[in-house]
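Here is the structure we will look at.
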Amino acid sequence: MRRFFAHSLTRRLLGALATLFGVSVLVFIMLRAIPGDQISAGLGTEAAALTPSQRAALEAYYGIDQPLLVQYFSWLGNLMTGNLGYSSRSQASVLELTASSLPVTMQLAIFSIILALLVGIPLGMLAASRPNSARDLLSQSVSLVGLSIPAFLLATTLLTVLAASLGFNPNGRGYATFWEDPSLNLQQMLLPSLVLGFGIAAPIIRTTRTAVLDIASNDFVRTARAKGIATRRLQFRHILRNALVPIATMTGLQFGYLLGGAVVVEQIFSLPGIGRQVLIGIQQKEYALVQSTVLIIALAFVIVNLLTDLVYRIIDPRVRAE
Amino acid sequence: MSRPAGFAGVTILLALAVVAGISVSQLSGLDPLAQDAPSRLLPPSTEHLMGTDQFGRDVFARVSAGLANSALISMCAVAFAAIVGTVCGLLAGYTRGWVDLVIGGGTNVLFAFPPLLLALTLASVLDRNWFTVAIAIGVVYVPIFVRVTRGPVLSLREVEFVRAARSTGMSASGIMFRHVMPNITSIIIVQVALSLSWAVLTEASLSFLGIGAPPPAPSLGSMIFEARTLVTIAPWTLFAPGAVIVLFVVGLNLLGDGLRDTLDPRMKGQR
C-alpha cells in the first residue's frame with residue numbers, strides 16, 4: 001500500500017508539473033495577445049514618436065524581434081534562474097517586489113482562513129444540530145449572505161462607515177509589517193481578513209452542516225449514543241472529527257477565492273500584497289510584472305492544491321486504500 | 001428550504017427584471033447618462049427614487065441600466081462557458097483517448113488560476129468592451145462545465161441504450177447530441193444557475209477595479225467605486241447599487257439551490 005501511495009503521489013506530482021507548463025504557455029500567449037505590442041502599450045501615445053530605428057532598437061532590447069518559440073524559451077530559462085523581469089516604475093526586480101508582497105498576502109490568507117473556520121464550523125454544527133429549525137435557517141441565511149455579498153462591497157462599506165463614524169482607519173496610515181509595529185499591523189489586517197473570512201465562511205458553514213448530518217446518520221454514532229456517551233463528547237470526538245475531512249478539503253479549495261479576493265481587498269485597504277502587485281502591473285501596463293506575478297500566483301495555487309490532496313490522503317485512510 | 005428557496009429566488013429575480021426592464025424600455029424617460037449640475041447629490045425623492053449622484057445623474061436610472069448590463073454580460077459569459085464546456089465535456093467523456101487527455105489538460109491549466117485573477121488578466125489584455133469582458137468571464141467557467149459533464153458522460157456511454165444506438169450504426173456526434181446530451185441537461189441547468197451568480201459577482205468586481213466595460217456605460221461595480229468618497233454625504237450612491245447587486249446574487253443563489261434540490265439526482269434524499 002505504501003508503494004501504491006508513493007506511485008499515485010508521483011503521478012500527481014507529474015500532473016502538477018504538466019499543468020504548470022501549460023500555465024506558463026497560457027500566460028505567455030495571453031500577454032502576447034495585447035492589442036498593438038508591448039512597446040506601444042508601455043509608452044502610450046509617445047510610441048507614435050518613435051523613429052523606425054528607435055523602435056527596432058527597443059524591439060531588440062525586449063527580445064520581441066525574435067521568433068515566438070525563442071522568446072518563450074528564453075523567458076522560461078530566465079524564470080528558472082530566478083530572473084522574473086524588472087519593473088521600471090518601481091525601480092526594482094519582480095523577484096524583490098514579490099519577496100516583499102508575498103508575505104503580506106500569506107498573512108492575510110492565514111488570518112482569513114482562521115476567522116472563517118472560527119465562524120463557519122460552529123455555525124455549521126449549530127445548523128446540523130437541529131435541521132430545518134430556526135437556528136438552521138439562521139446559519140443558512142448567514143451562509144447565503146456570505147456567498148452573495150461581493151467582497152468589494154463589504155470592504156467599501158466597512159471602511160467608509162467605520163472610518164466616518166468611529167474614526168477607525170488603520171489602513172489610512174502607511175502599511176507596517178508585523179516586525180515593525182505588531183499592533184498597527186494587526187489592526188491593518190483586521191478588516192481585510194474579516195471581509196475575506198466572511199466570504200470563505202459561507203461554503204464552510206454549508207460543508208460542515210452537510211458533513212455533520214451525513215456522519216450523524218452512521219451506525220457507529222447510534223452505537224455510541226446507545227452506550228450513553230455525553231452529547232457534547234459525541235459531537236466533538238465522534239462526529240466533528242470525522243467531518244473534518246470534507247471541511248479540510250473545502251478550506252483548501254477556498255484558496256483560489258482567497259487569492260482572487262486578495263486583489264480586490266488589498267486594493268481597497270491599501271495592503272501591498274501580491275494581488276495589488278498584479279493590479280498595479282495591469283494599470284501601469286507593466287506586462288513583465290503581470291506575467292511573472294500571475295505565474296507565481298498560479299504556482300502557489302497549484303502547490304496548495306497538491307498539499308490539500310496530500311493532507312486529504314493523510315487524514316483519511318480510505319483515500320489511501322482506494 | 002429547497003422549494004420555498006427556489007420560489008423566493010424566482011420572485012426576487014422577477015422584481016429585478018422589472019427594474020432592469022424600465023431602463024431597457026426607457027419607460028421612465030430617465031437617461032442614465034444625462035448630467036444635471038444643479039441637482040447634484042439630491043437625496044431620494046419622488047422625482048429621483050434613489051437620489052442623484054455627483055454629476056446630477058439619476059441613481060435609479062443608472063442602477064436600472066447597470067443591472068441590465070450586468071445581466072447581459074453575465075448571461076453571455078455563462079452561455080459561452082456552458083456551450084464550450086458542455087461540448088468539450090461531451091467530446092472528452094464520449095471519445096476518451098487523446099481528446100480526453102488534451103481537454104483534461106486544458107481544464108487543469110485553467111483551474112490552476114484563481115478565477116477572478118484569470119478573468120482580470122484576460123479582460124486587461126483584450127480590447128475592452130462589454131463582449132470581451134463577457135468572454136473573459138466565460139473562459140474562467142469553461143472548465144467547470146467540462147468537469148460536470150464529462151463524469152456523467154463517461155458512465156452514460158456504457159449504458160444499454162447508448163450501446164444499442166451505436167450498434168445501429170448511428171454516428172458518434174448523433175449519439176452524443178441525440179442520446180447522451182438529453183440525459184445531462186438537468187446537471188447543466190443547475191450549473192448554469194449557480195455559475196450565473198458567480199458571473200454577476202465577477203463582472204461587478206472587474207468593473208469596480210476599472211477593468212469592466214468602459215465608461216460611460218453604467219455598471220453597478222463602477223458606481224460603487226465612485227460612491228466610496230461620497231458615502232458620508234450621499235450614502236444612497238453606495239447603498240442603492242450595493243443592495244441591487246446583493247439582491248441579484250441572492251436571487252440567483254436561491255434559484256440555483258432550489259433547482260439543484262429538484263433536478264440533481266445526487267441531492268435526492270440528502271435533505
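In the text below, chain A, chain B and the rest are named by the order of the sequence lines, each starting its count at 1.
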### Query
Of all of A:Val27, A:Asn305, A:Leu299, A:Ile282, which one pairs up most often with chain B through heavy atoms under 4.5 Å apart?
A:Ile282

### Query
Does the side chain of A:Glu266 come under 3.5 Å of the side chain of A:Thr105 through a donor N or O and an acceptor N or O?
yes

#### Entry: Interface moiety of B:Leu252 toward chain A, non-hydrogen atoms closer than 4.5 Å
neither

### Task
Examine whether an atom of A:Leu147 lies under 4.5 Å from a heavy atom of chain B, and if so say whether it belongs to the side chain, the backbone or both; otherwise answer neither.
both

### Query
So which of A:Val145, A:Leu258, A:Ile297 has the biggest tally of heavy-atom pairs under 4.5 Å with chain B?
A:Ile297

### Query
Who among B:Leu238, B:Val109, B:Leu116 has the most heavy-atom pairs with chain A under 4.5 Å?
B:Val109

## Note on the structure
Distance col, row B:Phe248:CZ vs B:Ser74:OG, nearest 0.5 angstrom, shows 5.5 Å

### side-chain hydrogen bond (donor to acceptor under 3.5 Å, both in side chains) between A:Arg135 and A:Ser129, intermediate numbers included
CA-CA 9 Å; A:Arg135 56 172 91 158; A:Ser129 67; 2.8 Å; yes

### Query
For A:Leu20, is it the side chain, the backbone, both, or neither that has a heavy atom closer than 4.5 Å to a heavy atom of chain B?
neither

### Query
If we ignore angles and hydrogens, is there a donor and acceptor under 3.5 Å between the side chains of B:Ser197 and B:Asn253?
yes

### Message
Between B:Leu110 and chain A, with a heavy-atom cut-off of 4.5 Å, which part of the residue counts as in contact: side chain, backbone, both or neither?
### Response
side chain

### Query
Is it the side chain or the backbone of B:Phe208 that comes within 4.5 Å of chain A heavy atoms, both, or neither?
side chain

### Query
Closest heavy-atom contact between B:Gly66 and B:Leu220?
C-CG, 4.0 Å

## Note on the structure
Given A:Val290, A:Leu279, A:Val302, A:Asp214, the one with more heavy-atom pairs under 4.5 angstrom with chain B than any other is A:Leu279

### Task
Heavy atoms only: give me the nearest A:Gln277-A:Ser101 pair and the separation to one decimal.
OE1-OG, 2.6 Å

#### Entry: Toward chain B, the part of A:Val23 with a non-hydrogen atom under 4.5 Å
both

### Task
Kindly confirm or rule out a cation-pi arrangement of B:Arg228 over B:Phe225, judged by NZ or CZ under 6.0 Å from the six-membered ring centre and within 45° of its axis?
yes

#### Entry: Structural part of A:Pro150 lying under 4.5 Å from a heavy atom of chain B
both

### Query
Between A:Pro246 and A:Thr207, what is the shortest heavy-atom contact and its length?
O-CG2, 3.8 Å

